[in-house]
Amino acid sequence: MAVPLFGAISAVAVPAATAQPALAGPATEFTVLAKDVGSIATAQQAIRAAGGTVLETNSAVGLIKASAPATGFTERVSSNRAVFGAAKAQVIGSVPKDGKKTKSDNVEKEGRGAAAKKAAANQAAGMDPLDDQLWGLKSVRSDLSRTKQPGSKQVKVGVIDTGVDGTHPDIAPNFDEADSRNFVKDIPFDVNGVEVDGPCEFRGCVDPVNHDDGAHGTHVAGTIAAAANGFGISGVAPNVTLVNIRAGQDSGYFFLQPTVDALTYAGDAGIDVVNMSFYTDPWLYNCTANPADSAAEQAEQRTIIEATQRALNYAHKKGVTMVVALGNQHTDLGAPQPDTTSPDYPANTTHPRTIDNSSCLNLPVEGNHTIGVSSFGPSQKKADYSNYGTEQISVSAPGGFFRDGFGTPWYRTVENEILSAYPKNVGIVDGNIDADGNITEAGLAAGVKKATAPDGRVGYYQWLQGTSMATPHAAGVAALIVSQYGKKSHGEFGLDPDKVQRVLEGTASEIACPVPRTVDYLKEGRDATFTATCQGDPSFNGFYGHGAVDAYAAVTRGSQYLK
């Protein structure tokens, strides 16, 4: 969905071009960033003068989607002083031989095939039947915090992800379909006829706002705010409102235009907290002038940096608290390892790059006003995959660690991961659920759960791990903070995001660096690149930030951080 223009745009003359490259090739989508929001009209005229067509405009940050011939357009339009930069939007290329092009999720699904243990029969008072398996819920003390503050319906949490299954019985009671938006159009096949997102299930190739073909966003939403309804699981903040603000493709890619549109929409729609468990594709690190990249690739990355920073600034100014995954590359973000995965789209364009920390950013987590979250396992050991480092971390949270508990019966069991909601349609495609709604042998091996309510409603749940799973624990606590301390201002309820961050960090439970400070994961089967050194003290360090998020402390002791 395009963000509408605020007011009329008058035509402005564009200076005549000098020698310009010839336009050629099939029509291709581009993103063009105006020099500033005051230059949007001139940039639109520049697009037309360069042979392009304006498709939609995000006037909050000046990002314009355009269509033009594949070759020559970026050079032509970028020569106009009203344009900051331009880049191809969703370039569709060839895919790996295994068929469908999907962004790697090997970290998150590491536990697939490890049979789950039988669940304990008892359940805590006031909790849902499967909550006894949610070690993360107890780690952040949501079981205690909900006795004082279970969350307010007027607090809205935006899930910027692959979508949210708003029909899931644990999501539906808290799902706001009216405010939800989908900024993504499915890409069925690439130019070579190879499947990317899969066939369009809905007319126009745009999924409904209560649909998720990726499962990632639904898992995130369940951890934040699955309803405490005596069924399935409950979330960290079980009474807050969930809003789907979709920016991810079915295949797991998050491109610039949808992510920017999602962020500015969050600001305009009065969203209190957003969860962002992704990085903006196709670059793991966006560098201003990496010598390994072509001039066009450098320009593309500069455009991504500037547009993302504008969107983050806009959302923050509008009162949005932005909670972001630190990432699963097991690296210190202040001393990044070489990047061997970018660009990850289209296929076969990846090339190795040395990353200069001063001129390269992993976005959105290294952008302005973000709360970066690292991941730990049931033992509170930093998860092997989790990024870390004092430069970007804010807090830590339960994200799952399949290999936690080495030397114990819990080692390499899915119960070390995070259990949350699973869309039935994805479970069928994955082969974990059959057409009759029964869990298959593969699903049983992966620990997939099924819950049936007395009225016949059925919900499914799966185990995943990652900083993507840690972030919604922190976002849920942030939503409880807004619920507890928010006030009405100019007719709208909310709490300044800087205050939310102060409470979140101030009430986090301090965790000291391990002794010795350097931790390897060799006995867990990882190589030396996973070895990490924790810097800092218990009050703030590179593994845990200000500490592990604590919902109960946040709603009972948070007021002291608002003074």
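Throughout, residue positions are numbered sequentially from 1 according to the sequence presented. A quick note: this is a predicted structure, and the numbers were derived from the prediction, not measured. Computed from heavy atoms alone, side chains included, the values below leave out hydrogens, waters and symmetry copies.
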* **Between Asn387 and Thr331, a side-chain donor and acceptor under 3.5 Å** => no
* Structure fact -> To the nearest 0.5 Å, atom CZ of Arg141 lies from atom CG of Asp143 at 9.0 Å
* Looking only at heavy atoms, which two atoms of Gly217 and Asp161 are closest? And how far apart? -> N-OD1, 3.2 Å
* May I have the step-by-step check of side-chain hydrogen bond (donor to acceptor under 3.5 Å, both in side chains) for Asn58 and Thr264, ending in yes or no? => CA-CA 8 Å; Asn58 183 318; Thr264 56; 2.8 Å; yes
* Between Asn357 and Glu391, do the side chains contain an N or O donor and an N or O acceptor separated by less than 3.5 Å? -> yes
* To the nearest 0.5 Å, tell me how far Asn416 CG sits from Phe401 CZ. => 8.5 Å
* Does one side chain, of Ser234 or Asp131, offer a donor that lies under 3.5 Å from an acceptor on the other? -> yes
* **Crowding at NZ, Lys450 (>12 non-hydrogen neighbours, <6.0 Å)** => yes
* Short side-chain donor-acceptor distance under 3.5 Å, Ser509 and Asp550 -> no
* Asp197 side chain to Tyr253 side chain, donor-acceptor N/O pair below 3.5 angstrom -> no
* To do: Could you tell me how the ring of Phe202 sits relative to the ring of His211: parallel (under 30°), tilted (30 to 60°) or perpendicular (over 60°)?
  => perpendicular
* To do: Using distance alone, with no hydrogens and no angle criterion, decide if Ser559 and Tyr485 have a side-chain donor and acceptor under 3.5 Å apart.
  => no
* Should Arg310 and Glu306 count as an ion pair when the cut-off is N to O under 4.0 Å? -> yes
* Asked: Quick one: do the Ser379 and Asp404 side chains pair a donor with an acceptor below 3.5 Å?
  -> yes
* To do: Before giving the answer on side-chain hydrogen bond (donor to acceptor under 3.5 Å, both in side chains), spell out for Tyr385 and Ser375 the whole-Å C-alpha distance, their side-chain angles and the decisive distance to 0.1 Å.
  => CA-CA 8 Å; Tyr385 56 80; Ser375 175; 2.8 Å; yes
* **Chi angles and distances behind the side-chain hydrogen bond (donor to acceptor under 3.5 Å, both in side chains) call for Tyr279, Asn286** => CA-CA 10 Å; Tyr279 71 82; Asn286 289 276; over 6 Å; no
* Decide if atom NZ of Lys499 counts as having more than 12 heavy atoms of other residues, nucleotides or ligands within a radius under 6.0 Å. => no
* To do: Compute whether any side-chain donor of one residue and acceptor of the other, for Gln301 and Thr288, lie under 3.5 angstrom apart.
  => no
* Asked: Which heavy atom in Leu256 sits nearest to a heavy atom in Ala307, and how many Å separate them?
  -> CD1-CB, 4.1 Å
* Point-to-point distance, once rounded to the nearest 0.5 Å, from OH of Tyr460 to CG of Asp170 -> 13.5 Å
* **Any side-chain donor near an acceptor of the partner, His369 and Gln501, under 3.5 Å** => no
* Heavy-atom distance under 4.5 Å between the side chains of Leu137 and Arg146, does that happen here? -> yes
* Check ion pair Asp165-Arg246 (N to O, under 4.0 angstrom) -> no
* Distance (rounded to the nearest 0.5 Å) between His473 NE2 and Ser142 OG -> 8.5 Å
* List the atom of Leu333, the atom of Tyr285, and the distance in Å for their closest heavy-atom pair. => CD2-OH, 3.8 Å
* Asked: Which heavy-atom pair separates Lys148 from Val555 by the least distance, and what is that distance?
  -> CE-O, 3.0 Å
* **Full working for side-chain contact (heavy atoms from CB on, under 4.5 Å) between Val274 and Val157** => CA-CA 6 Å; Val274 294; Val157 181; over 6 Å; no
* Find the distance between CG (Leu144) and OG1 (Thr556) and round it off to the nearest 0.5 Å. => 9.5 Å
* Between Phe231 and Pro169, which heavy-atom pair has the shortest distance, and what is it? -> CE2-CB, 3.5 Å
* **Ionic contact status for Asp261 with Arg181, cut-off 4.0 Å** => no
* Between Ser277 and His216: side-chain donor-acceptor atoms closer than 3.5 Å -> no
* Asked: Run the ring pair (Phe, Tyr, Trp, His ring centres under 6.0 Å) check on Phe540 and His546 step by step: do they pass?
  -> CA-CA 5 Å; Phe540 182 76; His546 293 274; 4.8 Å; yes
* **Set of residues satisfying salt bridge (charged side-chain N to carboxylate O under 4.0 Å, His left out) with respect to Asp498, sequence neighbours excluded** => none
* Measuring from Ser180:OG to Ile245:CD1, what's the distance to the nearest 0.5 Å? -> 7.5 Å
* Asked: If you measure only the distance, is there a donor-acceptor pair under 3.5 Å linking the side chains of Thr467 and Asn328?
  -> yes
* For residues Phe255 and Val260, determine if any side-chain heavy atom of one lies less than 4.5 Å from a side-chain heavy atom of the other. => no
* May I ask you to check whether Asn425 and Asp213 show a side-chain donor-acceptor distance below 3.5 Å? => yes
* Check the pair Asn541 / Gln535 against side-chain contact (heavy atoms from CB on, under 4.5 Å), numbers first and verdict last. => CA-CA 5 Å; Asn541 59 66; Gln535 298 178 327; over 6 Å; no
* Residues Lys156, Asp272: salt bridge by 4.0 Å N-O rule -> no
* Validation row: Val426, Gln462 side chains within 4.5 angstrom (heavy atoms) -> no
* Take Thr31 and Ile64, measure what side-chain contact (heavy atoms from CB on, under 4.5 Å) needs, and give me the verdict at the end. => CA-CA 6 Å; Thr31 50; Ile64 306 165; over 6 Å; no
* To do: Compare all side-chain heavy atoms of Leu33 with those of Leu63 and state whether any distance is below 4.5 angstrom.
  => yes
* Report the residue from Leu312, Asn275, Val365 that forms a side chain to side chain contact (heavy atoms under 4.5 Å, CB included) with Met322. => Leu312
* Asked: Got a sec, which residues hit salt bridge (charged side-chain N to carboxylate O under 4.0 Å, His left out) with Glu505, two or more places apart in sequence or on another chain?
  -> none
* For Lys153 and Asn174, test the side chains for any donor-to-acceptor distance below 3.5 angstrom and give the result as yes or no. => yes
* Asked: Parallel under 30°, tilted from 30 to 60°, perpendicular over 60°: which one fits the rings of Phe278 and Phe254?
  -> parallel
* Structure fact -> When every non-hydrogen atom of Gly222 is compared with those of Ile233, the smallest separation belongs to O-CD1, 4.3 Å
* To do: Let me see the working for Ser468 and Glu108 under side-chain hydrogen bond (donor to acceptor under 3.5 Å, both in side chains), right down to the final yes or no.
  => CA-CA 8 Å; Ser468 286; Glu108 293 180 351; 3.2 Å; yes
* To do: Decide whether Glu110 and Gln465 meet the rule of one side-chain donor and one side-chain acceptor closer than 3.5 Å.
  => yes
* Asked: Is Thr241 close to Gln154 at the side-chain level, that is, under 4.5 Å between some pair of heavy atoms?
  -> no
* Can Val164 and Ile171 be said to form a side-chain contact (heavy atoms from CB on, under 4.5 Å), step by step? -> CA-CA 8 Å; Val164 175; Ile171 303 292; 3.8 Å; yes
